[in-house]
Amino acid sequence: DGDVYNYYADGEWKKSSSGKSVAIINPTTRKTQYKVQACTQEEVNKVMEAAKSAQKSWAKTPLWKRAELLHRAAAILKEHKTPIAECLVKEIAKPAKDAVTEVVRSGDLISYTAEEGVRILGEGKFLVSDSFPGNQRTKYCLTSKIPLGVILAIPPFNYPVNLAVSKVAPALIAGNSLVLKPPTQGAVSALHMVQCFHLAGFPKGLISCVTGKGSEIGDFLTMHPGAGMIPLQMELGGKDACIVLEDADLDLVAANIIKGGFSYSGQRCTAVKVVLVMESVSNVLVEKVKAQVAKLTVGAPEDDCDITPVVSESSANFIEGLVKDAKEKGATFCEEYKRDGNLIWPLLLDNVRPDMRIAWEEPFGPVLPVIRINSIEEGIHHCNASNFGLQGCVFTKDVNKAILISDAMETGTVQINSAPARGPDHFPFQGLKDSGIGSQGVTNSINMMTKIKTTVINLP
Ligand code: G3H
C-alpha cells in the first residue's frame with residue numbers, strides 16, 4: 001500500500017500485520033496528510049527481541065567504527081534536509097526555515113555526539129585500595145563505561161527529528177541498540193531520519209522504528225520487560241518565567257520575549273511562559289512587546305510565517321480555554337483574541353493574577369501572560385510556586401543580583417539576559433520538579449546511557 005509509510009525493523013521497511021494505519025493530520029489544512037502503520041504489540045515484541053540480539057555484537061564493534069557510522073548518518077541527514085524539513089512543515093506546521101534548522105542542528109548533534117563519545121568512552125579510571133581505611137595496596141580497580149542494553153526513545157511532536165537524535169546518537173555511540181516510537185504528528189519526519197541511519201549502514205535490528213497509537217504500543221513499550229532496569233531520562237513541561245528588573249535593557253527584554261515566547265508559536269518546552277515584570281517598568285515593557293507582536297506574521301508554515309497553526313484542534317481548544325478563563329477573571333487583552341481553525345493569533349495578556357489558570361498552566365501556544373510584581377521576592381515566589389522547574393530567565397544589568405536570583409530560582413537552568421533555550425546542545429539540560437528526570441545535553445546523555453563496569457585485580 002503506497003499510501004501508508006512502512007515501519008522499520010530488522011533493517012527493512014515493513015507493513016504491519018494489523019492491516020491498520022494511523023492518520024497524520026496536517027495542522028494547517030486539518031486534512032489527512034500522511035498515514036503510518038499501526039504496529040501491533042506482537043511486532044513490538046519482535047523489535048525488542050531483535051534489538052536485544054543486535055546490541056550484543058554492536059557493543060563489541062570498536063568505538064571508532066561506531067563513531068564513523070554516526071558521522072556518516074549525520075552527513076546523509078544534512079544532505080536530505082530539504083525533504084525532511086518539508087515533512088516537518090506538513091506534519092507539525094513548523095515554519096519552513098525553522099524546519100530546515102531542526103534538521104541541520106540534528107546532523108550537528110549526531111557528529112558532536114560521535115566526537116564526544118570517542119573521547120569520554122575511551123577513558124576509564126584506575127583506583128588503588130590503600131586509600132580506604134584498613135586496606136593495603138593489594139587491589140587494583142579498573143573501571144570502564146559499558147552500554148545499558150536496549151534504549152527506548154519516545155520524542156515529542158515539537159522536535160520529532162532533533163529530540164529523537166538527541167537520544168538515538170548517545171545510545172548508539174555508547175553501544176546500545178535503539179527502539180524509536182515517534183510522535184504521530186512528526187512520525188514521517190522521524191521515519192525519513194531513520195532512513196538516513198539505514199543508508200549509513202548500521203547493522204540490522206540495531207535501530208527500529210515502530211509507529212502507531214500510544215494507547216496500543218506506547219504504554220506497552222514503556223512497560224516492556226525488554227527495557228527493564230534501564231534508568232529514565234525525561235524532558236517534560238515547563239512554565240519558564242522571565243523576571244524583569246527595573247534596570248533591565250527593555251529593548252533587549254522585548255526582543256527576547258518575542259523570540260522566547262512566540263517562536264514556533266510558543267510550542268517549546270523552553271518557551272517564555274510567564275513574564276514577571278517590576279511594576280515601575282511594566283507599562284514601557286508591555287508597549288514595546290505589543291509593538292513587536294503587531295509585526296509578527298501569521299499564517300502558513302510554507303510561507304515561513306512567524307505564527308503558524310498549533311499542532312491539533314484539541315491543543316487549540318485548550319489554549320482557548322485558558323484565554324477565556326483569563327478574560328472572565330479580568331486580564332487586559334493587548335490584542336483582540338482571534339482564531340481560525342488551529343491558527344491562533346499572538347496574544348499578550350497583561351495584568352494577569354494568580355487566580356487565573358494561565359498564571360500556572362502551560363498553553364503551548366502563542367499566548368503569553370504578564371504578571372506585574374512589586375519586588376524581586378514576589379517574582380521568585382511565583383516562579384517557585386510552580387510545579388514546573390525547567391528554565392527561567394532574569395534581565396538586569398546588576399550581575400550580583402542576577403546570580404542571587406538564579407540561585408533562588410528552583411529551575412534546572414537560569415539564563416541571564418537571554419530567553420530560555422536548550423542549546424547549544426552540549427550544555428547540560430534538565431528540569432527540576434515536574435519538568436523532568438535526569439540531565440540531557442550531549443555529554444550527560446552519553447553518560448546516562450552507560451553503566452560502570454569494574455574489574456579488580458587482587459595481588460597476592
Ligand atoms: O521543547 C523542548 C525543547 O527541548 C526545546 O528546545 O530550546 O532548542 O527550542 P529549544
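Atoms within each ligand, like the ligands themselves, are counted from 1 in listed order.
Here the closest heavy-atom approach between residue Gln185 and residue Glu91 is recorded as NE2-O, 2.7 Å. In this structure, Arg422 and Phe427 approach most closely via the heavy-atom pair O-CB, 4.5 Å.
Annotation for ligand 1: atoms under 4.0 Å from non-hydrogen atoms of Thr270 are 5 (C), 6 (O), 7 (O), 9 (O), 10 (P). Close contacts of ligand 1 with Arg268, meaning ligand atoms under 4.0 Å from a residue heavy atom, involve 1 (O), 7 (O), 9 (O), 10 (P). For ligand 1, the atoms lying closer than 4.0 Å to a non-hydrogen atom of Arg105 are 8 (O).
At least one side-chain heavy atom of Val179 sits under 4.5 Å from a side-chain heavy atom of Met48. Side-chain contact between Lys94 and Thr308 is absent, with no heavy atoms from C-beta onward closer than 4.5 Å. Thr211 is listed as a side-chain neighbour of Cys39, based on a closest heavy-atom distance under 4.5 Å.
The shortest heavy-atom distance from Tyr264 to ligand 1 is not under 4.0 Å.
Here the heavy atom of the protein found nearest to atom 10 (P) of ligand 1 is Tyr159 OH, 3.4 Å. For atom 6 (O) of ligand 1, the closest non-hydrogen atom on the protein side is Arg422 NE, 3.0 Å. Nearest protein heavy-atom neighbour of atom 2 (C) of ligand 1: Cys269 SG, 2.2 Å.
Comparing heavy-atom distances from atom 3 (C) of ligand 1 across Gln440, Glu235, Gln267 singles out Glu235 as nearest.
Under a 3.5 Å cut-off, the side chain of Thr450 and the backbone N or O of Asn447 do form a donor-acceptor pair.
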